[in-house]
Amino acid sequence: ITTPRRDPAATAAWPPARIRLLRDKDVSPEAKFNDALRLAQYGDHLRKRDVESADVEAINTDDAFAFYRERFSDLSGFTFLLTGKIDPAVARPLVMTYLASLPGSGKSPRQDNWKDPNAPRRAGTHSKTVNAGTEPKSRVQLTTWMPATWTIATDDDAAILTMALEMRLLEVLREKMSGVYGARARVWLARIPRQELGLQIEFGCAPENAAALQKAARAELANIAKRGVEAAYLERIVAQLRREREEDLRSNRWWLDALTQAYQYGDALPALLDIEATVARVTNANIKALAKRLVASKNQFTGVLMPAK
């Protein structure tokens, strides 16, 4: 951290290699689709734009190196979290020795906070169709969002609704309509830069089926909001939650994320670890309540990739 070393060969090789990758991406229909959807939802905001060849060419490695050295010359505001099979008695003196050797400002620790880039999504109902590529295939992306207040319970509900909706979409779109190989759904509850509840559904399909399948996907969300899901789905969700938590507890990465969340936001760690509280929220009442909020949202975006005409 404190003694960065520049490799002249790597510094010279990275820009042209990165530019080649970007040029390869530019001919991809999927990349053109993603770029067009970002532009339609966020405008040409710098923080939302993808990196372009001109951006790479403009990089000044001297400036980058100086920025790194300046920031990491003072680690007094850093918090270090360690996870793993650690013997505290053995690790403590080693950690204290290492941390004590890092540069810092003593009694006046440096404090850096994140900044809101002020890049909200475009409000209202909008759609964007992108014609790119020659293969007879399409991709559909449906996005819904709204302001919301973050709570542990609602965050759990978002994960539960994600499972329920994805199960139902696979059954309806793939098994009943034979229209997709797979469908992904994600319900999220963001905390920064602004608190927001959102949903994204995405799937690939034949161009002639795109309209019917996106209609069916939205109808399934509305159906869940009205009727919930069958008991068999609730049982599968509970089993999946328990199985995933068993796997999580063996993962250093999961523990690190949980500890980081507790420290960063001041959340109570026992509440984050309480799988029984999460499982208790697997009810149709909670699933329907969250689905209704998403159905009622005034912010709806539909993106469709179609072959070039």
* To do: Give a yes or no on whether Val180 and Phe33 share a hydrophobic cluster (residues Ile, Leu, Val, Met, Phe, Trp, Tyr; joining criterion: side-chain heavy atoms under 4.5 Å apart).
  => no

* Got Arg139 and Val130 here, is their nearest side-chain heavy-atom distance under 4.5 Å? -> no

* Asked: Among the clusters formed by ILVMFWY side chains lying less than 4.5 Å apart, do Trp254 and Leu259 turn up in the same one?
  -> yes

* **Side-chain heavy-atom pair Phe72, Phe78 within 4.5 angstrom cut-off** => yes

* Asked: Got Asp116 and Ile192 here, is their nearest side-chain heavy-atom distance under 4.5 Å?
  -> no

* Is the backbone of Leu249 close enough, under 3.5 Å, to the side chain of Trp255 for a donor and an acceptor to pair up by distance? -> yes

* Are the charged groups of Arg20 and Asp24 less than 4.0 angstrom apart, N to O? -> no

* Asked: Is there a path of hydrophobic side-chain contacts, each under 4.5 Å between heavy atoms of I, L, V, M, F, W or Y residues, that connects Trp188 with Leu165?
  -> no

* Got a second to check how far Thr154's OG1 is from Arg293's CZ, nearest 0.5 Å? -> 6.0 Å

* Checking side-chain hydrogen bond (donor to acceptor under 3.5 Å, both in side chains) for the pair Asn223/Arg218: CA distance, chi angles, key distance, verdict? -> CA-CA 9 Å; Asn223 183 60; Arg218 291 198 185 278; over 6 Å; no

* Shared ILVMFWY cluster between Phe203 and Leu305, side chains joined below 4.5 angstrom? -> no

* Go through the steps to decide whether Asp74 and Arg110 satisfy the test salt bridge (charged side-chain N to carboxylate O under 4.0 Å, His left out), and finish with yes or no. => CA-CA 7 Å; Asp74 181 359; Arg110 174 170 174 171; 5.5 Å; no

* Asked: Is a side-chain N or O of Asn299 found less than 3.5 angstrom from the main chain of Ala123, in a donor-acceptor match?
  -> no

* With a 4.5 Å heavy-atom cut-off, do Leu241 and Ile160 have their side chains touching? -> yes

* To do: Spell out, yes or no, whether Ile201 and Phe301 are grouped together once hydrophobic residues are joined by side-chain heavy atoms under 4.5 Å, including indirect joins.
  => no

